[in-house]
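Worksheet for the structure shown next.
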Number of protein chains: 2
Amino acid sequence: MENKQFEKISKALSDANRIAILQKFKKKKKDCVYCSDINETLDLTQPSVSHHLKQLVDADLLISEKEGRNIKYFLNDEVLDAYIQALNLLKA
Amino acid sequence: MENKQFEKISKALSDANRIAILQKFKKKKKDCVYCSDINETLDLTQPSVSHHLKQLVDADLLISEKEGRNIKYFLNDEVLDAYIQALNLLKA
DNA sequence: TTTAAATATTCAAATATTTCGATGTATTTA
DNA sequence: TAAATACATCGAAATATTTGAATATTTAAA
């Protein structure tokens with residue numbers, strides 16, 4: 001993984017609200033989470049949530065999929081694994 | 001690992017200069033790196049390098065040890081592993 | 001014990017990020 | 001087609017981060 005992508009992912013992970021978003025995937029026991037769910041959970045306005053989701057998508061940590069007027073998000077396990085691998089390489 | 005610590009580590013990892021610092025540990029094939037080495041490598045003034053090193057130490061990614069008027073840094077593998085574990089938990 | 005070397009701290013400027021109100025766009029429903 | 005719903009974008013304010021010049025501190029050497 002390129003340093004630039006590593007930096008971008010780290011930045012995406014460096015905010016309490018975005019961490020909370022990612023943790024929703026674990027708690028839900030479903031593989032997708034809806035934008036509206038996140039809007040309800042976080043104590044932020046809709047534009048702020050939209051901004052945070054965009055950062056996660058731009059970092060490729062989340063994959064978004066349109067479903068009518070809703071948006072579904074999926075955790076991108078491949079990118080998460082690649083990030084973990086890059087971290088493991090630091091220990092070499 | 002607490003979310004707060006996870007956030008702090010992610011933030012520490014979200015800067016190109018700090019990533020370059022961490023990669024010096026791999027490249028050197030030695031387990032410690034001196035402050036002066038990093039000052040020579042990075043294209044930044046000494047106070048800026050000092051600031052970045054402080055962030056890595058504050059996030060517990062680096063352990064610092066005084067040696068005369070020099071400072072030696074060690075990579076904190078335990079914290080790196082704990083961070084990796086927290087990332088793996090996101091996939092659950 | 002003065003001087004030099006290595007690193008830290010302070011302060012301010014530049015830049016980036018976060019947040020939200022207002023508004024725009026797309027899609028569904030009435 | 002008009003209204004409502006879900007989400008995105010814009011613009012601005014508040015806040016945080018990055019950077020370096022100046023200076024302080026600590027330790028070693030002369």
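Residue numbers begin at 1 in each chain, while the letters A, B, ... track the order of the sequences. Remember, it's a predicted structure, so these values are computed and weren't measured experimentally.
In this structure, the CG atom of B/D58 is 11 Å from the P atom of C/dA8, given to the nearest Å. One can place CD of A/E40 at 14 Å from P of D/dT5, the figure rounded to the nearest angstrom. What separates CG of A/N39 from P of D/dA8 is a distance of 9 Å, to the nearest Å. Rounded to a whole Å, the CD1 atom of A/I71 is 6 Å from the C1' atom of D/dC7. Here the P atom of nucleotide D/dT17 and the CG atom of B/L53 are 17 Å apart, to the nearest Å. We find that CD1 of B/I21 is positioned 13 Å from C1' of D/dT18, with the value rounded to whole Å.
Partner of A/L62 under the side-chain contact (heavy atoms from CB on, under 4.5 Å) criterion, chosen from A/N76, A/V79, A/L53, A/V33: A/L53.
Remark: B/F25 CZ to B/L61 CG distance equals 10.0 Å, nearest 0.5 Å. In this structure, CD on B/E7 lies 12.0 Å from CD on B/E2, to the nearest 0.5 angstrom. The distance from atom OH of A/Y73 to atom CD1 of A/I38, rounded to the nearest 0.5 Å, is 6.5 Å.
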Protein and nucleotides 25-28 of chain D: nitrogen or oxygen contacts under 3.5 angstrom:
from   : atom 1 : to    : atom 2 : distance (Å)
D/dT26 : O3'    : B/K66 : NZ     : 3.1
D/dT27 : OP1    : B/K66 : NZ     : 3.4

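Applying the side-chain hydrogen bond (donor to acceptor under 3.5 Å, both in side chains) test to pairs two or more places apart or on separate chains, those with a residue in residues 57-68 of chain B are B/Y34-B/E67, B/K54-B/D58, B/E67-B/K72. Listed by first and then second residue, the salt bridge (Lys or Arg N to Asp or Glu O under 4.0 Å) pairs involving residues 75-90 of chain B are A/K91-B/D81 (not counting sequence neighbours).
Residues meeting the side-chain contact (heavy atoms from CB on, under 4.5 Å) test with A/S48, sequence neighbours left out: A/L44, A/T45.
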For residues 13-20 of chain B, run the donor-acceptor check on the side chains, cut-off 3.5 Å, and write out each pair with its distance to 0.1 Å, sequence neighbours left out.
from  : atom 1 : to    : atom 2 : distance (Å)
B/S14 : OG     : B/K11 : O      : 2.7
B/D15 : OD1    : B/N17 : N      : 2.8
B/D15 : OD1    : B/R18 : N      : 3.1
B/R18 : NE     : B/A12 : O      : 2.8
B/R18 : NH1    : B/H52 : ND1    : 2.9
B/R18 : NH2    : B/K11 : O      : 3.1

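In the interface, the side chain of B/Q46 is paired with the base of C/dA8 through a donor and an acceptor atom under 3.5 Å apart.
In terms of modelled atom types and a separation under 3.5 Å, the side chain of A/S50 and the main chain of A/Q46 share no donor-acceptor contact.
Taking 4.0 angstrom as the limit, A/S36 places none of its side-chain polar atoms (N or O) nearer than this to OP1 or OP2 of D/dA6.
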message = Protein within reach of the bases, or only the backbone? For nucleotides 11-20 of chain C, mark each nucleotide 5' to 3' as B, S or -, using heavy atoms under 4.0 Å.
response = ------SSBB

